[in-house]
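Data block below; observations after.
FYI, side chains are in, hydrogens and waters are out, and symmetry mates aren't considered; it's all heavy atoms of this structure. Position 1 is the first residue of the sequence; numbering continues from there. Keep in mind that what you see is a predicted model, and the values were worked out from it rather than measured.
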Amino acid sequence: MNLKSLLHWSYIFPILSLVYYLFGIVDDNSWLAGLGSLLLISSVLAAVHHAEVVAHKVGEPFGTIILAIAITVLEVGLIVSLMVAGGKETNTLARDTVFAAVMLILNGILGACLLVGGIKFKEQFFARTSGNMALISLVAIVVMTLILPNYTTTELSATFSKAQLIFFSIASLVIYSTFLMVQTVRHRNYFLPESDDEPHADPPSNFISTMSLIFLIVCLAVVVVMAKALSPTIESVVHNLGAPQALVGVIIAAVVLLPEGMAAIKAARRNQFQTSLNLALGSAIASIGLTIPCVAVVSIIYEMPLVLGLDIKSMILLALSLYTVMLSLNRGKTNVLYGVVLLVNLFAYIFTVIVP
């Protein structure tokens with residue numbers, strides 16, 4: 001690797017962000033907070049760059065899995081750090097963030113991919129079976145972890161008892177691990193993108209791939225600590241706007257999903273919708289299937305209350321999103337209408353969060 005490669009922005013900005021955090025520059029100054037926000041976003045963009053380098057090296061579908069797990073590590077790190085720091089006041093943070101992630105992925109990322117691909121190519125094709133497998137897994141985990149708590153009778157206020165929390169955390173892990181095995185071993189061919197005629201760059205060297213893997217880990221750590229440091233500023237802005245606390249979960253989810261969203265949209269623009277679908281649905285399953293067990297462990301260890309059940313409005317929006325995605329993916333090909341409808345669903349969700 002020459003000096004020019006070492007001066008690439010994807011190496012510089014994570015280091016600058018780490019310096020910003022280590023020197024404790026974060027304070028109530030709005031200019032410094034704004035600088036921190038820009039560095040945070042740059043670290044997220046650097047993470048997606050390094051994740052794409054690693055993904056290019058290992059190939060599909062392992063590349064999309066690496067990015068999905070990286071995003072989940074980000075999400076879990078943010079939620080756990082804020083839960084431990086905030087105590088009982090953050091008992092709904094995990095629910096709000098996971099729900100926001102699912103809604104942003106299903107309506108935002110998938111909708112944007114459908115819209116971009118529909119505009120550029122009119123129709124794009126993918127393996128319908130892969131979408132069905134992912135949606136079956138996602139629906140099962142969503143219902144068990146975000147809806148069922150409202151109807152269990154051992155505990156009140158949309159919460160699981162300790163035994164229930166352990167059981168459904170294990171159930172989520174079983175479903176996710178089985179989906180991962182199917183995606184990578186048993187039926188890997190369902191998730192492979194169709195070959196295209198576009199020229200592709202040669203895979204990166206082992207040294208560049210190793211550097212990207214190291215900096216991917218660095219970027220993920222930097223984003224977690226930076227977001228934690230900037231969280232009081234985010235909460236203050238939300239409070240000053242008079243918006244509900246659930247908006248914090250939306251902001252956290254939007255930050256951690258930015259790399260994945262960009263990678264999925266870029267794949268759709270290359271007429272590789274199968275890769276976009278793998279990224280979107282795979283990360284939705286990882287987001288909820290891995291995050292809930294992790295926060296459950298934290299909740300049990302620190303004896304913190306954990307509210308998981310959604311309210312009626314959220315359950316209606318979730319059902320609408322899942323049903324729309326199922327109908328959009330049931331034919332194995334896409335068009336622009338599906339993307340527009342999903343994006344309208346997204347705006348309706350965000351609007352009702354701000355104006356409940």
Side-chain angles (χ1 to χ4, degrees), residues 68 71-72 75 92 94-118 126 128 130-150 158 172 175-176 179 244 246-247 249-254 256-258 260-261 264-265 268 273 276-289 291-292 308-332 334-356:
I71 298 304
T72 305
E75 185 177 0
T92 63
R95 179 200 66 187
D96 294 338
T97 305
V98 169
F99 176 57
V102 172
M103 294 295 286
L104 289 173
I105 291 170
L106 292 180
N107 297 301
I109 295 178
L110 199 54
C113 292
L114 287 165
L115 181 62
V116 169
F126 60 94
R128 185 174 58 181
S130 66
N132 291 340
M133 288 180 175
L135 286 172
I136 287 171
S137 305
L138 179 61
V139 169
I141 299 176
V142 164
V143 171
M144 285 192 295
T145 57
L146 297 183
I147 297 177
L148 189 59
N150 290 321
S172 298
I175 292 174
Y176 177 71
F179 171 77
L247 186 59
V250 177
I251 295 173
I252 293 174
V256 300
L257 289 174
L258 180 59
E260 185 176 34
I265 293 172
F273 187 79
S276 300
L277 189 64
N278 293 346
L279 278 167
L281 296 184
S283 289
I285 300 170
S287 176
I288 190 168
T291 301
I292 294 298
L308 291 177
L310 297 171
D311 56 25
I312 294 296
K313 176 198 70 178
S314 298
M315 287 193 289
I316 292 173
L317 288 171
L318 178 60
L320 174 64
S321 300
L322 288 170
Y323 187 64
T324 305
V325 170
M326 287 179 178
L327 292 179
S328 300
L329 301 179
N330 72 344
R331 298 175 59 238
T334 71
N335 66 58
V336 70
L337 175 63
Y338 302 151
V340 171
V341 173
L342 287 173
L343 289 174
V344 170
N345 288 350
L346 173 68
F347 294 136
Y349 159 66
I350 295 176
F351 179 78
T352 54
V353 168
I354 299 173
V355 187

Item checked: Candidate pair Val250 and Ile354, rule side chain to side chain contact (heavy atoms under 4.5 Å, CB included), full reasoning -> CA-CA 10 Å; Val250 177; Ile354 299 173; over 6 Å; no
Result block: side-chain N/O donor-acceptor pairs under 3.5 angstrom for residues 98-111, not counting sequence neighbours:
residue: Asn107; atom: OD1; partner: Ser321; partner atom: OG; Å: 3.4
residue: Asn107; atom: ND2; partner: Met103; partner atom: O; Å: 3.2
residue: Asn107; atom: ND2; partner: Ser321; partner atom: OG; Å: 2.8

Next item on the list: Spell out, as yes or no, whether a donor-acceptor pair under 3.5 Å connects the side chain of Ser276 to the backbone of Ala264.
Entry: yes
Check: Hey, are the side chains of Asp96 and Leu247 touching, using non-hydrogen atoms and a 4.5 Å cut-off?
Finding: no
Next item on the list: Indicate yes or no: at least one non-hydrogen side-chain atom of Thr334 is less than 4.5 angstrom from one of Phe126.
Entry: yes
Notebook entry, point to check: Between Arg128 and Arg331, is there a donor-acceptor pair closer than 3.5 Å when you use the side chain of the first and the backbone of the second?
Noted result: no
Note to self: Taking the side chain as everything from C-beta on, heavy atoms only, tell me whether Leu308 gets closer than 4.5 Å to Leu148.
What the structure shows: no
Next item on the list: Calculate, to the nearest 0.5 Å, the distance between atoms OG1 and CD1 belonging to Thr145 and Ile175 respectively.
Entry: 9.0 Å
Note to self: According to side chain to side chain contact (heavy atoms under 4.5 Å, CB included), who are the partners of Pro244, at least two apart in sequence or on a separate chain?
What the structure shows: Pro356
Margin query: Is it the case that the side chain of Thr97 and the backbone of Ala94 share a donor-acceptor pair, with hydrogens and angles ignored and the cut-off at 3.5 Å?
Written below: no
Next item on the list: Evaluate the side-chain proximity of Met326 to Asn132: yes if any heavy-atom separation is below 4.5 Å, no if none is.
Entry: no
Next item on the list: For the residue pair Asn345 and Leu317, establish whether any side-chain heavy-atom pair is separated by less than 4.5 Å.
Entry: no
Next item on the list: State the CG-CG distance between Leu327 and Leu322, to the nearest 0.5 angstrom.
Entry: 11.0 Å
Margin query: Using every non-hydrogen atom in the two residues, find where Ile147 and Met315 come nearest and quote the distance to one decimal.
Written below: CG2-SD, 3.7 Å
Next item on the list: Starting at OG of Ser130, measure out to CG of Leu277 and round the result to the nearest 0.5 Å.
Entry: 5.0 Å
Note to self: Has Ser137 got a side-chain atom pairing as donor or acceptor with Met133's backbone, closer than 3.5 angstrom?
What the structure shows: yes
Next item on the list: Rounded to the nearest 0.5 Å, what's the gap from OG1 on Thr352 to CZ on Phe347? Could you check?
Entry: 13.0 Å
Notebook entry, point to check: Going by heavy atoms in the side chains, are Leu329 and Leu281 under 4.5 Å from each other?
Noted result: yes
Note to self: Within the structure provided, determine whether Leu346 and Ile350 are in side-chain contact (heavy-atom separation under 4.5 Å).
What the structure shows: yes
Checklist line | Verdict with reasoning, Ile136 to Phe179, per side chain to side chain contact (heavy atoms under 4.5 Å, CB included) | finding: CA-CA 10 Å; Ile136 287 171; Phe179 171 77; over 6 Å; no
Next item on the list: Determine yes or no for a side-chain-to-main-chain donor-acceptor pair under 3.5 angstrom, with Arg95 supplying the side chain and Gly309 the backbone.
Entry: yes
Check: Is a side-chain donor or acceptor of Ser328 paired with a backbone partner of Thr324 at a separation under 3.5 angstrom?
Finding: yes
Item checked: Side chain proximity check, Val325 to Leu135, heavy atoms < 4.5 angstrom -> yes
